[in-house]
Amino acid sequence: VTWQGWLQIAIFAALIAAVVKPLGGYIARIADASSRVVRAIAPIETGLYRLAGVDPAKEQSWVTYAFALLSFNIAGIAALYALQRLQAMLPLNPQQMGAVAPDLALNTAVSFATNTSWQSYAGETTLSNLTQMSGIAVQSFLSGATGIAVAMALMRGFARRSARTIGNFWVDMTRVTLYILLPVCVIATLILVWQGVPQTLSPYVSATTLEGASQILARGPVASQEAIKLLSGDGGGFFNANSAHPFENPTALTGMLEMLLIFLLGVALTNSFGRMVGDQRQGWVLFAAMAVMFAVGLVTVYTGETTANPAFAEFRIDQTPSLQQAGGNMEGKEVRFGPGQSSLFATVTTASSDGAVDAMHDSFMPLSTLVLMSNMMLDEVIVGGPGSGLFGMLLFAIIAVFAAGLMIGRTPEYLGKKIEANEVKMTMLALLCVPAFILGLTAVAVFVPAGLAGLANAGPHGFSEVLYAYTSAAATNGSAFAGLNANTSFYNLTLAAAMFAGRFIVIVPVLCIAGMLAAKRIVPASAGTLPTHGPQFVVLLVGLAAIVGGLTFFPAVALGPIAEFAAMQAGLSY
Amino acid sequence: MWDAMMSALLLAGFAAAVGYVHACVRVTQSVNNAPASRATDQPR
């Protein structure tokens, strides 16, 4: 490890901590339409409602909200599928890309509409500019807004008393897109263009390299897509190499900006939650729990990636940091980012639900890959995607007060709302179904020839490739481990199923919980109420998340990264 | 033909999601109608 690496991490942490309160307050004011920005741009918003035939004053029950959300997202999948299949006949296709294969088109459509952005394709050789801009980027906006809308609905569930409604899906989507996603993306796009990210509709260019060889340089409307790719928690790159590509992430400064964009909304929403329930300490507790889990993971990955690889010892390769090299495990990493920023980026992208990468996770040390997988296996509670991180953490909070209530023999309460059988049932449904999909589909894939055919490595590393893929898909992360050829009918369809289930199998119970909580009265705190605004609750939350994640996934990770770590110590590699 | 198959898969997914919402409604209603536990709110 180097002091520069720690300094970079400290700057990142300070910037994130600084943005939580102001942005959290802004989002809370957007949610209840009290922001001055909302009043200023109200004519545009009202015009959009008129165009769509939406009555913004009409609120929805959780069932109506859920049906609106499902219909909207299914329509998004259908639109993106059609766009990919028809792109050869549509304009803005300077490289004359052909129609995307049906199974790949379905996988990609589900992937972006569910905020996963798993990519079985390489953008620069598969998609036209029109598909990238009006398909991929649009779904990035809408899937990110969907997550925040669900979080807003759940926050209202906690904040309201004896109410039948949890908001209006169409209003939430419109406001989140207009007032949060678009303004931040415009600013981020301009900064990225300033740093050298292309933004053009022109064809690819031919260049002659220093050695005299001819090379095609792919380009397109990259900067605008890059901004929403990071902010929405989507993570699908314009290019195959994602944020490791110099046109997506040209400098260490853009690397820092990209990581900030990934975490921005997820951390700010904890403060929005605190404000909406009338006690900001409740939000800081969630933020602290996220920070503790993130810090443990980051230190593990950073120390792991800067430690010399024992497999290289016999070759006498110098792996110590010096003025000439970054040192540590540099396989699969960009020289301009080094192990410091690569470790931070990898931890940020898996702790959130973003899934953009600036280094190849397949080449990380075994214990680092264990952390990256564990981040996703906790199902987006460490910051997570915009909205999905907050409601994921709130599910753990519900279980935490339930477990504490059992210990002292009282009906559990959280923020004055009694947590009863219904809420716990829905919470367990959300928390247990995602692991069932991850482990079940991994088991099938390592059993059938079609699944084994995609593997590039044998042994525990090969198993990790499959486990990582289904974890990434069902946790709606979308980052790839590399080493797995997933562009086959088997993987395209099973991963699409994992993404679809991983997204909606959680969102529906969360909306159900929101509806049930909104209908409840608020019970005044008593001597028997578990305090949920202090360090004790942070410990309870972190412990519970670690136990639930550990018990569910330990056997699987023991077969993958842990076995690989033991093998590496014995001098074996795969 | 492939497009028809993919459309059928998408519709099946939508139908499953709608069924899931209904299942959640039924589960919560059945628990709501069940008699309340005597132990509720009583310290041990």
Side-chain angles (χ1 to χ4, degrees), chain A residues 61-67 69-71 73-75 77-78 81-82 85 99 101-107 109-110 113 405 407-411 413 418 420-426 429-430 433 489 492-493 496-497 500-501 503-505 507-509 511-513 515-516 519 523 526-528, chain B:
Chain A
S61 69
W62 83 262
V63 177
T64 317
Y65 200 103
F67 277 125
L69 183 148
L70 286 171
S71 315
N73 280 282
I74 296 290
I77 296 172
Y81 178 83
R85 297 288 293 148
D103 57 326
L104 178 59
L106 184 71
N107 179 286
V110 172
M407 289 177 206
I408 57 172
R410 281 183 67 90
T411 305
E413 295 158 18
K418 280 191 175 172
E420 294 169 297
N422 278 343
E423 290 80 20
V424 177
K425 274 190 177 186
M426 288 298 122
L429 195 62
C433 284
S489 293
N492 277 334
L493 296 180
F500 191 87
R503 178 72 163 173
F504 299 115
I505 225 161
I507 280 181
V508 171
L511 289 174
C512 181
I513 292 168
M516 290 187 294
V523 184
S526 68
Chain B
M1 204 235 350
W2 271 99
D3 288 323
M5 277 175 65
M6 297 300 129
S7 306
L9 278 175
L10 185 57
L11 281 176
F14 184 54
V18 170
Y20 185 52
V21 174
H22 277 295
C24 288
V25 173
R26 285 177 68 98
V27 166
T28 53
Q29 281 174 345
S30 67
V31 178
N32 278 342
N33 295 334
S37 163
R38 280 182 300 159
T40 304
D41 261 355
Q42 296 299 315
R44 276 182 197 158

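Residue numbers begin at 1 in each chain, while the letters A, B, ... track the order of the sequences.
- Neither the backbone nor the side chain of A/L511 comes within less than 4.5 Å of any heavy atom of chain B.
- A/F500 touches chain B through its side chain: at least one heavy atom from C-beta onward sits under 4.5 Å away, while N, CA, C and O do not.
- Using a 4.5 Å cut-off between heavy atoms, A/L106 contacts chain B through its side chain alone, with no backbone atom that close.
- A/M426 and B/C24 make their closest contact through SD-SG, 3.8 Å (heavy atoms, listed as atom of the first residue, atom of the second, distance).
- Only the side chain of B/L9 comes within less than 4.5 Å of a heavy atom of chain A; its backbone N, CA, C and O stay farther away.
- Here salt bridge (charged side-chain N to carboxylate O under 4.0 Å, His left out) pairs that include residues 2-21 of chain B, with residues two or more places apart or in two chains, are A/R85-B/D3.
- For A/N492, the side-chain hydrogen bond (donor to acceptor under 3.5 Å, both in side chains) partners are A/D103, A/S120, A/N487, not counting sequence neighbours.
- Looking at A/A78, the atoms closer than 4.5 Å to chain B (heavy atoms on both sides) sit in the backbone and in the side chain alike.
- The heavy-atom pair separating B/V18 from A/F67 by the smallest distance is CG1-CE2, 3.6 Å.
- Contact record, A/W62 with B/V25: CZ2-CG2, 3.5 Å, taken as the closest heavy-atom pair.
- Chain B forms more heavy-atom pairs under 4.5 Å with one residue of A/I77, A/I505, A/N73 than with any other, namely A/I505.
- Put simply, the side chain of B/Y20 never gets that close to the backbone of A/V508: no donor and acceptor are under 3.5 Å apart.
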